[in-house]
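Structure first, commentary second.
Atom set for the values below is all heavy atoms of this structure, side chains included, hydrogens, waters and symmetry mates excluded.
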Amino acid sequence: MDSFEQEGNGAALESLPPPPPVPPDVVPIKAESDAKKIVRHPMARRGVGTKGQKVTILTNHFKVSVGSTDGHFYHYSVSLSYEDGRPVDGKGVGRKVIDRVHETYKNDLDGKNFAYDGEKSLFTIGPLPNNKLEFTVVLEDVAPTRNNGNASPDGQDSPNGRERKRLRRPYHSKTFKVEISYAAKIPMQAIQNALRGQESENSQEALRVLDIILRQHAAKQGCLLVRQSFFQDNQNNFTDIGGGVLGCRGFHSSFRATQGGLSLNIDVSTTMIIQPGPVVDFLLANQNARDPYSLDWNKAKRVLKNLRIKVSPSNQEYKITGLSEQLCKDQLFSMKQKNTKNENGEAETLEITIYDYFANHRNIQLRYSADLPCINVGKPKRPTYIPIELCSLVSLQRYTKALSTFQRASLVEKSRQKPQERMNVLSNVLRTSNYGAEPMLKSCGVNINSNFTQVDGRILPAPRLRVGNGEDFFPRNGRWNFNNKKLVEPSRIERWAVVNFSAPRCDPNNIARDLIRCGEMKGIRIDPPFDIFNEMNQNRRLSPVVRVEKMFEQIQSKLPGAPQFLLCLLPDRKNSDLYGPWKRKNLSEYGIVTQCMAPARVNDQYLTNLLLKINAKLGGLNSMLTIEQTPSIPMISKVPTIILGMDVSHGSPGQSDVPSIAAVVSSRQWPLISRYRASVRTQSPKLEMIDSLFKPVSDKVDEGIMREALLDFYTSSGKRKPDQIIIFRDGVSESQFNQVLNKELDQVIEACKFLDENWNPKFVVIVAQKNHHTKFFQQGSPDNVLPGTVIDNKVCHPKNNDFYLCAHAGMIGTTRPTHYHVLLDQVGFSADDLQELVHSLSYVYQRSTTAISVVAPICYAHLAASQLGQFMKFEDASETSSSHGGVTTPGAISVPQLPRLKDNVSSSMFFC
């Protein structure tokens, strides 16, 4: 057993009874192969909490009654093809085709209404006349959103040297074959069953049908649909966030089964769209360019690909496939001469530029397109070019690339709403949506109450905190400060230096002096810095990686040995490209704790906040829960317990090849729950389940994350193994709960067994969700709900063990509660004890003097993932696949491994 040190195991193992003897007639079964694997499901609620001051809360759920429960939804699969049998792959065409089927063949369909999801599923109430129906419909002038791209701007001959017949056909009319075949039937009774906590595939499907009806209702009004959120083409809902991107405000609307019955959850929602209008205007805004002649056309080509445009004067719609190689005045194409034929009787062709064609043959005067590339809306082998000034971007096209820091800040600022304003908007949305008139909802007897649902909330008292000199205090309104207080465990800073990449904007000597003074007030003794290293002028134009290398050469030549700490002054920007290379060099090559800052507005408050981070990184503690010190945390202080925070962060939606990053944060030095360390690994892009918790590379060696966490807990907690493992998992949806409970938890259990096969810790698994649409409002008050507000009734799950908690004070906008789902609890917490533990864990975040909105271990996992994610950003793509142990298999994306941190910082709170 190459695991925990042997001597520490004795006591724990001796206390276990010997295993029962195996009866002589029993043949042992080999566990892996034959034994039936236990499949875990989310646990049921054991009770509700009672602690805290009771309060009535309103929520954005609207009660729904369903009149008919004895009928059935019939599910049909839809197959669409063109006349020649090719399948229709264009998005957006489906709805038009099915609408036409509905109009044309009403009698053949018994006058039934459809709920169609826009793709392959269609639902009706009661059956259609036959199990399989085939129809043919003709649509005039189809401009599908995914255009087949071989049409000319007006159906006439165009910059594309092919025969006219093929060009003209697609836009006059198109014939579609539609097959509708029976797939399944879903009893409406399943909705009632779900409300009684008897969830089944049927009940989920029945609710999906209701949601599809909402989507179809929005689609008929011309909305952009993003899952269950709907956005109208209305200028009043657009707000410019810079870079040619607009924030578009819409609303989310979905049916939920709750303890209080069926409810309709309506919330405000925002998505990003491309600025509609002339393509050139969008490009100028996107690249922040002065005029069209200074645009970067390679960049333009990437951002424009697949966007839809309308072309004047024909108003025809196309999808952009690229740009012309040459400028409009130089780009040639072969135009057929109508009246001149060659000896074979074929029309002769004339080489002509795009500019000439539009100016002379079409009499369209072009003001500025001559010296710019043309937009290509054709196919790779058969381009169709259109001068850029005739092209306008269609409205409501989603922008899916990552936002810049400035765009994100602008979006947050412009889309936030105070609670009262949000309530008014939501009441309005419900009224104008006019769901009462939707024929399918009518047929189901669905009736939606227009009042916000009332729920019973409780306000949990803030936990008592301990700071320096044995002083205790209660935070007020989710906040506190360190005025006239010392830190509970201040660190000592002896060997340190200042590194300045930011000169000449600040005086590093002043910053060092003020930091020492502020440290002294908080109990941190800081010696004068060994030296201040200013970047040499000639290095400033080098690449970030080389600038960091040069700085380290300077540091090594002057310092007698590795410093304990480096303060790094970066240029005054939120996202400095030096950050990643600098952190990587310090943490994974030298094992030096480092703190970066941008010296813009430095005052005592700023430096005190900086010291909170520095102290935590160096192993100190700023404040802690008094019950950690006593120790008297229910269920945790008596039995060695490790708390884990797990998260996976992905690249932005537009990047499909950026590795995802899994981070697991684990508590150390039990009985504390304020100290953590982190392990971070890369994994396949967009993979949500963590696959490196247990990674046996041989019978004796496990390179997984859990082993690191468990061994660190053991060595830092007086050679005790955790008998209880509490896992907080972030960022998974309800459809993935079973994978967390089975796949991920199995890996954790295997990692434990690998260390010691006789060790059976108890597990608690809790998922935290921020990405949901339930909001809470104080009754009769314009303010946000108070910090500590917990709700575990009415709008919670009919059966499962979940609750909502607003631990933080919402200062701006409307508070977003965290939705905690307790999937497993083998420890046996009472509802009150578990809710109080979660609440307390919102008060141990060392970086700030406020309660935070989600438990600290999850926040730390985000920070660790994003900090190590910066390590990857600046690496050359070619070196990542080879030199960092990335596995390359043909056809698969190699996932570069992250560099390991040096031992002396790997268990520190480097992410703080």
Side-chain angles (χ1 to χ4, degrees), residues 487 489-503 506-520 522-536 539 544-571 576 578-599 602 606-622 677-678 846-847 863-864 867-868 870-871 899-912:
L487 307 184
E489 283 184 23
S491 46
R492 171 103 175 75
I493 303 176
E494 294 165 327
R495 302 182 319 282
W496 73 291
V498 181
V499 169
N500 182 16
F501 287 104
S502 180
C506 64
D507 180 351
N509 290 297
N510 283 349
I511 289 178
R513 191 189 61 232
D514 290 344
L515 193 72
I516 293 169
R517 179 176 54 78
C518 287
E520 200 177 329
K522 300 293 156 248
I524 300 177
R525 290 208 20 227
I526 308 175
D527 290 354
F530 186 89
D531 206 340
I532 287 174
F533 297 95
N534 290 305
E535 184 177 33
M536 295 176 193
N539 292 345
V545 178
V546 178
R547 287 173 71 182
V548 168
E549 291 283 348
K550 297 271 187 207
M551 183 59 85
F552 260 91
E553 286 167 18
Q554 237 178 301
I555 295 171
Q556 281 172 308
S557 68
K558 290 263 190 79
L559 291 187
Q564 178 192 3
F565 168 68
L566 287 175
L567 179 68
C568 174
L569 310 183
L570 291 173
S576 171
L578 289 160
Y579 182 86
W582 173 256
K583 284 287 183 188
R584 175 174 177 162
K585 194 87 178 157
N586 278 275
L587 294 172
S588 63
E589 288 184 38
Y590 290 98
I592 298 170
V593 170
T594 169
Q595 176 62 52
C596 294
M597 63 180 279
V602 178
Y606 180 95
L607 291 172
T608 301
N609 288 342
L610 206 66
L611 282 162
L612 296 180
K613 289 155 64 80
I614 294 168
N615 189 45
K617 288 175 181 180
L618 288 169
L621 267 183
N622 303 327
R677 66 173 315 272
Q846 297 297 310
R847 281 167 48 121
L863 291 173
Q867 187 165 131
L868 270 85
Q870 299 275 349
F871 283 21
R900 288 302 173 91
L901 304 188
K902 280 275 187 255
D903 287 351
N904 58 328
V905 289
S906 66
S907 287
S908 73
M909 289 177 71
F910 66 86
F911 42 80
C912 249

To the nearest 0.5 Å, atom CD of Gln867 lies from atom CG of Leu901 at 8.5 Å
Ion pair Lys585/Glu549, N-O distance below 4.0 Å:
yes
Scanning both residues in full, the closest heavy-atom pair of Phe871 with Gly580 reads CD1-O, 4.0 Å
Next item on the list: Go through Val499 and Leu569 one step at a time and tell me if the side chain to side chain contact (heavy atoms under 4.5 Å, CB included) criterion holds.
Entry: CA-CA 6 Å; Val499 169; Leu569 310 183; over 6 Å; no
Practice item. Answer yes or no: does atom CZ of Arg517 have more than 12 heavy-atom neighbours from other residues, nucleotides or ligands under 6.0 Å? Key: yes
Show me the donor-acceptor pairs, under 3.5 Å and distance only, between side chains in residues 905-912 and residues at least two apart or in other chains.
unit_1, atom_1, unit_2, atom_2, d
Ser906, OG, Asp903, O, 3.2
Ser907, OG, Arg677, NE, 3.1
Ser907, OG, Asp712, OD1, 2.9
Ser908, OG, Val905, O, 2.7
Ser908, OG, Phe910, N, 3.3

Original post:
Has the side chain of Asn622 got a donor or acceptor atom that lies under 3.5 Å from a matching backbone atom of Leu612?
Top reply: yes
In Leu587, Leu566, Val545, the residue satisfying side-chain contact (heavy atoms from CB on, under 4.5 Å) with Trp582 is Leu566
Using a strict threshold of under 4.0 Å (side-chain N to carboxylate O), is an ion pair present between Arg547 and Glu535? yes
task: Determine, step by step, whether Phe533 and Val498 satisfy the side chain to side chain contact (heavy atoms under 4.5 Å, CB included) criterion, reporting the C-alpha distance in whole Å, the side-chain angles of both residues, the deciding distance to 0.1 Å, and the verdict.
output: CA-CA 6 Å; Phe533 297 95; Val498 181; over 6 Å; no
Under the criterion side chain to side chain contact (heavy atoms under 4.5 Å, CB included), I'd like the reasoning laid out for Lys583 against Thr594: C-alpha separation, chi angles, the key distance, then a yes or no. CA-CA 7 Å; Lys583 284 287 183 188; Thr594 169; 3.8 Å; yes
Could you walk me through whether Phe565 and Ile592 pass the side chain to side chain contact (heavy atoms under 4.5 Å, CB included) check? CA-CA 6 Å; Phe565 168 68; Ile592 298 170; 5.8 Å; no
* **Short N-O contact, Asp527 and Arg492, less than 4.0 angstrom** => yes
dist Asn904:CG -> Gln564:CD (nearest 0.5 Å) comes out at 11.0 Å
What one should report as the nearest heavy-atom pair of Ile524 and Ser491 is CG2-O, 3.4 Å
The reported gap from CG in Leu610 to SG in Cys518 (rounded to nearest 0.5 angstrom) is 10.0 Å
What one should report as the nearest heavy-atom pair of Pro529 and Ile516 is CD-CD1, 4.1 Å
From the list Leu570, Val602, Asn609, Leu515, side-chain contact (heavy atoms from CB on, under 4.5 Å) with Met597 holds only for Val602
Practice item. For residues Phe501 and Ser576, determine if any side-chain heavy atom of one lies less than 4.5 Å from a side-chain heavy atom of the other. Key: no
Between the CZ atom in Arg900 and the CG atom in Leu868, the distance rounded to the nearest 0.5 Å is 10.5 Å
Taken to the nearest 0.5 Å, the spacing of Leu611 CG from Gln595 CD works out to 9.0 Å
CG (Asn615) and CD1 (Ile493) are apart, to the nearest 0.5 Å, by 7.5 Å
Enumerate, atom names and distances included, each donor-acceptor pair closer than 3.5 Å involving a side-chain atom of residues 551-558, sequence neighbours excluded.
unit_1, atom_1, unit_2, atom_2, d
Gln554, NE2, Asn534, O, 3.2
Gln556, NE2, Tyr590, OH, 3.2
Ser557, OG, Gln554, O, 2.7

